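As structure tokens, the structure follows; a few thoughts come after it.
None of these values were measured; they are calculated from a predicted model. All values below were derived from every heavy atom in this structure, side-chain atoms included, with hydrogens, water molecules and symmetry-related copies excluded. Heads up: numbering here begins at 1 and tracks the sequence.
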Amino acid sequence: MLNYIWAFMILIGVVYGAFTGKMAEVTNAALDSAGDAVSLCITMIGVMALWVGLMEIAQKSGLIAKLTRGIQPFISFLFPRIPKGHPAREYIAANLIANVLGLGWACTPAGLKAMEELAKLEAERGTPGYVQAGEGIFTDGKKKGNKTGKSGGELPAAVNGKSGRVASNEMCTFLILNISSLQLIPVNMIAYRQQYGSVNPAGIIAPAIAATFVSTLTAVVYCKVRDRKRRA
């Protein structure tokens, strides 16, 4: 969808430039923007390398492991149905820590792995759409074939011709929390402001903490309310 929006905006700019006789300005703006994009990418690569390196040092020193253990009560509060010791909890914790530190790039791999583990958890639970042929669970919790339910019948992979696979409650909660995550150091925004000549690039830190704190609090309340309604 975004591709169509950007293509439409570019087309409107070209058409407007052609009709108003300002094609030269449009061309110059496009070339200048391309140069700025390359320069910004180089800047962001440096920032990314610095912070990802610091994350690697923190991981090797055991700091990430300690932080991961420290936020487990928060993970249990938000994801009560994820068993303790499940790999998804570790990946979710790593993703949240990276997000709090403002490392958007570093949190992506952990986020993808968390989603993979949550999908495996749904397959273990026998959720329609996640169970492959020959897999699944019985009501007694044993993995014996693609069957589930009181009747022990085959688990449907599709309903009314459409895939029965939907995002689980844990997946939705994780996605919402990931999008609204609290950030103590908005690295990306600081780098952008510095690139474009801000007198005080780090001046965004306090407003960013306040804004992301409110967004995270709202996300947590929303997820818990929706979860309670879903269970009712």
Side-chain angles (χ1 to χ4, degrees), residues 44-45 47-132 135-137 141 143 163-189 208-209 212-213 215-228 230-231:
M44 297 308 291
I45 287 173
V47 174
M48 178 179 66
L50 171 64
W51 283 98
V52 171
L54 290 176
M55 279 289 288
E56 188 68 20
I57 294 173
Q59 184 177 6
K60 296 291 184 182
S61 66
L63 178 60
I64 297 298
K66 290 181 179 178
L67 291 175
T68 300
R69 288 194 297 270
I71 66 172
Q72 284 306 312
F74 180 68
I75 301 294
S76 298
F77 170 71
L78 280 178
F79 305 95
R81 295 182 66 230
I82 298 181
K84 290 185 177 180
H86 195 277
R89 295 172 68 98
E90 182 179 347
Y91 289 121
I92 290 173
N95 176 272
L96 294 179
I97 292 170
N99 257 326
V100 167
L101 295 177
L103 305 177
W105 306 282
C107 75
T108 301
L112 294 176
K113 292 297 292 183
M115 282 296 187
E116 287 180 7
E117 292 299 331
L118 290 175
K120 291 178 184 177
L121 181 60
E122 290 306 302
E124 292 171 3
R125 290 171 175 169
T127 304
Y130 289 91
V131 181
Q132 303 297 323
E135 298 178 356
I137 57 173
K143 298 181 181 179
S163 172
R165 185 168 184 168
V166 295
S168 67
N169 189 52
E170 287 82 7
M171 290 178 177
C172 294
T173 300
F174 174 61
L175 181 61
I176 293 173
L177 194 65
N178 184 61
I179 294 172
S180 63
S181 178
L182 170 69
Q183 287 194 7
L184 299 180
I185 309 173
V187 178
N188 293 356
M189 192 60 65
I209 291 176
T212 54
F213 174 79
S215 66
T216 302
L217 181 62
T218 304
V220 170
V221 172
Y222 174 80
C223 289
K224 296 307 291 184
V225 169
R226 294 297 298 176
D227 184 47
R228 180 170 297 181
R230 188 174 180 176
R231 293 173 183 275

Around M171, counting heavy atoms of other residues, nucleotides and ligands shown, do more than 12 lie under 6.0 Å from its CE? yes
Report the distance from atom [atom1] of [X] to atom [atom2] of [Y], rounding to the nearest 0.5 Å.
X    : Y    : atom1 : atom2 : answer
E122 : N169 : CD    : CG    : 9.0 Å
C223 : E170 : SG    : CD    : 11.0 Å
K120 : H86  : NZ    : NE2   : 8.5 Å
I179 : S215 : CD1   : OG    : 10.5 Å
I176 : S181 : CD1   : OG    : 13.5 Å

Could you check whether any side-chain heavy atom of [X] comes within less than 4.5 Å of a side-chain heavy atom of [Y], counting everything from C-beta outward?
X    : Y    : answer
T173 : K224 : no
F79  : L118 : no
L121 : R81  : no

Can I get a per-line list of side-chain donor-acceptor pairs under 3.5 Å for residues 89-97, giving both atom names and the distance, sequence neighbours left out?
{"residue": "R89", "atom": "NE", "partner": "Q72", "partner atom": "OE1", "Å": "3.1"}
{"residue": "R89", "atom": "NH1", "partner": "I82", "partner atom": "O", "Å": "3.2"}
{"residue": "R89", "atom": "NH2", "partner": "Q72", "partner atom": "OE1", "Å": "3.1"}
{"residue": "R89", "atom": "NH2", "partner": "S76", "partner atom": "OG", "Å": "2.6"}
{"residue": "N95", "atom": "OD1", "partner": "N99", "partner atom": "ND2", "Å": "3.4"}
{"residue": "N95", "atom": "ND2", "partner": "C107", "partner atom": "O", "Å": "2.8"}
{"residue": "N95", "atom": "ND2", "partner": "N178", "partner atom": "OD1", "Å": "3.3"}

Write down the atom of L182, the atom of T216, and the distance for their closest heavy-atom approach. N-OG1, 2.8 Å
